[in-house]
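Owing to the predicted nature of the structure, the values given are computational and were not obtained by experimental measurement. In what follows, every chain begins at residue 1, and chains take the letters A, B, ... in the order their sequences are listed.
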Amino acid sequence: MNAMNPADYHESDLYRIRHSTAHVMAAAVLEKFPEGKVAIGPPIEHGFYYDFDLPRSLTEEDLVEIEARMKELLKEKHEFVYEELSPEQAQALFADQPYKLELIRDILERGTDEYGEKTAEPVLSIYRSGAFVDLCRGPHVESTKEIPPKAVKLLNVAGAYWRGDSDRPMLQRIYGTAWESPKELRQYLTWLEEVKKRDHRRLIKDLDLLSFHEEAGPGLAYWHPKGAMMRKIIEDFWRDKHIEGGYDFAYTPHIGKAWLWEKSGHLDFYQESMYAAMDVDGQDYYLKPMNCPFHILIYKTALRSYRELPLRWAELGTVYRYEKSGVLHGLMRVRGFTQDDAHIICTPEQIEDEVLRVLRFSLEMLRAFGFEEFAAYLSTRPEKAVGEPARWEQAQEALRRAIDAEGLEYAVDEGGGAFYGPKIDLKIRDALGRSWQLTTIQFDFNLPERFDMTYVGEDGAEHRPYMVHRALLGSLERFFGILVEHYAGAFPVWIAPEQARIIPIADRHIEFARQVEDQLRQAHLRVSTDASASRMNAKIRDAQLQKVPYMLVVGDREMEAASVAVRLRSGKNLGAMPVAEFIEIAEQAVASHGLEA
RNA sequence: GCCGACGUAGCUCAACGGUUGAGCAUCCGCCUUGUAAGCGGAGGGUUGUGGGUUCGAUUCCCACCGUCGGCUCCA
């Protein structure tokens, strides 16, 4: 399911098919609910949707019915006929469609199309197909005969605000998908099943990695021993890399007085997403939503010289944010999480080198975890911003040059930066072709000002340092969830919580199995022996389901030869080999960060 | 936060206006096994929580909590 680039997609036949299918769906819905109001219905990445204002909530059965009716309509082979209208004609045609009237007003007054995008000149165009007519800029297929009915499927219903505005009415959105052929639809549905199979919320349960507890608070993750082992491995690797990368570490508290958050501005801007204050000896304390103010306090414990810059301070800092209940999603969106945070404090002259260094560092880190495809996003100065324009300019240039130096493809989000500074975000593509934002590298012209951070320059005067926040993996929880889905739980050997499982065939082999286990443990492999009463086949099945990379079967023959019969979770059987040889193979896999071999 | 759906044993799911069932897992036996489930037995749920309707609710209604699909949001 690799995505086309947006411009190509917009011009494609597939786009037309989906856009037209959305119209056919709207036609079917209006037949069923003649009093229904229609909003907008664009193509999206893997299909289309259409928003409706209907007299009642749609059910699963409605969807089945609507889909069946759509297929009939498609078979009737309606032409899509384009027409341009005068404002009066358009208003008359859509007199009982308030959402369309609003769109017409916008097209005329704001020069935008029905999706709110700017257009060259306002044109009120419609497409007729059968009895259905919709305000629409197109493009569409010539006729519904271009849409194979068996390549169309409705997927689900969800609520969606009119114009995406939470102050406006909630509409019902029907999501559907459409393809050029039934075969492509089947492939897409298979892909959706694969997505579901890899869902980290399922896998963290099946693999006994983490849990959540309703009784103890939503959005708060509990790391079980196996998940904790993996996290430890990730953290150890992360720390070692940071030492090599010239970072120092900090540890800071989890709570701080209101003063800190007033000073940082968090209470002004983000209070609604902070956990409520707790009263301690008559003072308000808050759980930290970010680590930066703490690092700044450390910075300010000394008069800093330009000679000690750049400072690079990293912390796996656990923060708490009160995310709205409806947005929590497994490990991907939680209320308590650990950022792989760092702050770089440097002089203006150093900024370019530092940015490039971070970017390279990030790519190296992400590659180590098996991600190979990256895309960069540069977000620049918004209308409302703090900090001198010259600094913004310099920072943006530094970011741009770093991206160029690494040869990354990137998109610019003009005016998309935070009010306090420009940033680069890096997205990775996972094994299913989905992209996830991980790394963020953000300038901050706000906090150094608010906390009056300074350093003494060569000239003996005080200067304001640059400060860059960066998180490479983002949050450990979320990164973990992404890793789980990327590998479908079959982690590379170096990360796998259990690298090898020894499977004695009969009880008389258990003692030998323990000896082997001990040898492997001495070689720093994570290993266990399945001494249960089950048969070998059941033990293998169990290890397979737990996605253990190496299964070492030991029976009479192995005991005789002091060997292990190595089975990989891929199903491949390497046969018997001396224990030392297996250790070598496993160590090789660990060192290469690869899968079992 | 908003719209909709859902919440039954550790897990996956079934059933029902009238004293909840299965598979897997667990425990106990028997079997001692050669590359994805050997066989038998036992234990385990005041059906998310709190109200209401009813002779009677797990089932119907309301509220709350949580989960799921989205929307808004994501410093």
**Q** What I want to find out is whether A/Glu315 reaches A/Arg470 closely enough, with some N-O distance under 4.0 Å, to be called a salt bridge.
**A** no

**Q** As a test of reading the structure: which of B/G69, B/G34, B/A75 is closest to the side chain of A/Tyr270, going by heavy atoms?
**A** B/A75

**Q** Side chain of A/Arg569, base of B/A36: donor and acceptor closer than 3.5 Å?
**A** no

**Q** Do A/Phe337 and A/Tyr320 have their ring centres less than 6.0 Å from each other?
**A** no

**Q** Any ion pair linking A/Arg557 and A/Glu560 (charged N to carboxylate O, less than 4.0 Å)?
**A** no

**Q** Assign A/Asn156 to base, sugar-phosphate, or nothing according to its heavy-atom contacts below 4.0 angstrom with the strands shown.
**A** sugar-phosphate

**Q** Only Watson-Crick and G-U wobble pairs with both distances less than 3.5 Å should count. Give RNA chain B in dot-bracket notation, marking inter-strand partners with |.
**A** (((((((..((((....[..)))).(((((.......))))).....(((((..]....))))))))))))....

**Q** Would you mind classifying the nucleic acid contact of A/Gly555 as base, sugar-phosphate or nothing, using non-hydrogen atoms under 4.0 angstrom?
**A** base

**Q** Does A/Met229, at its CE atom, have more than 12 non-hydrogen atoms belonging to other residues, nucleotides or ligands within less than 6.0 Å?
**A** no

**Q** Give the residues of residues 525-544 of chain A touching RNA chain B, defined as any heavy atom closer than 4.0 Å, sorted by residue number.
**A** A/Ala533, A/Arg535, A/Met536, A/Asn537, A/Ala538, A/Ile540, A/Arg541, A/Gln544

**Q** Extract from the structure each pairing of a protein N or O with an N or O of nucleotides 39-50 of chain B at less than 3.5 Å, listing the distance.
**A**
none

**Q** Only counting residues at least two apart or in another chain, list the ones meeting salt bridge (Lys or Arg N to Asp or Glu O under 4.0 Å) with A/Arg450.
**A** none

**Q** Check A/Tyr466, A/Phe443, A/Phe445 against A/Trp392 for a ring pair (Phe, Tyr, Trp, His ring centres under 6.0 Å) and give me the one that passes.
**A** A/Phe445

**Q** Can we say A/Lys226 and A/Asp208 salt-bridge, meaning some charged N sits less than 4.0 Å from an Asp/Glu carboxylate O?
**A** no

**Q** Does A/Gln339 use its side chain to pair, donor to acceptor, with the backbone of A/Val319 at less than 3.5 Å?
**A** no

**Q** Extract from the structure each pairing of a protein N or O with an N or O of nucleotides 1-6 of chain B at less than 3.5 Å, listing the distance.
**A**
{"from": "B/G1", "atom 1": "OP2", "to": "A/Ser325", "atom 2": "N", "distance (Å)": "3.4"}
{"from": "B/G1", "atom 1": "OP2", "to": "A/Ser325", "atom 2": "OG", "distance (Å)": "2.5"}
{"from": "B/G1", "atom 1": "N7", "to": "A/Gly326", "atom 2": "N", "distance (Å)": "3.2"}
{"from": "B/G1", "atom 1": "N2", "to": "A/Tyr161", "atom 2": "OH", "distance (Å)": "2.5"}
{"from": "B/C2", "atom 1": "O4'", "to": "A/Tyr161", "atom 2": "OH", "distance (Å)": "3.3"}
{"from": "B/C3", "atom 1": "O2", "to": "A/Gly159", "atom 2": "N", "distance (Å)": "3.3"}

**Q** Can you find an N or O donor on one side and an acceptor on the other, under 3.5 Å apart, linking the side chain of A/Arg333 with the base of B/C74?
**A** yes

**Q** Check whether the side chains of A/Glu414 and A/Thr380 place a donor and an acceptor atom closer than 3.5 Å, and report yes or no.
**A** yes

**Q** Got more than 12 heavy atoms from elsewhere within 6.0 Å of NZ, A/Lys300?
**A** yes

**Q** Going by atom types only, do A/Glu102 and A/Trp162 share a side-chain donor-acceptor pair under 3.5 Å?
**A** yes

**Q** Quick one: ring pair (Phe, Tyr, Trp, His ring centres under 6.0 Å) partners of A/Tyr420, sequence neighbours excluded?
**A** none

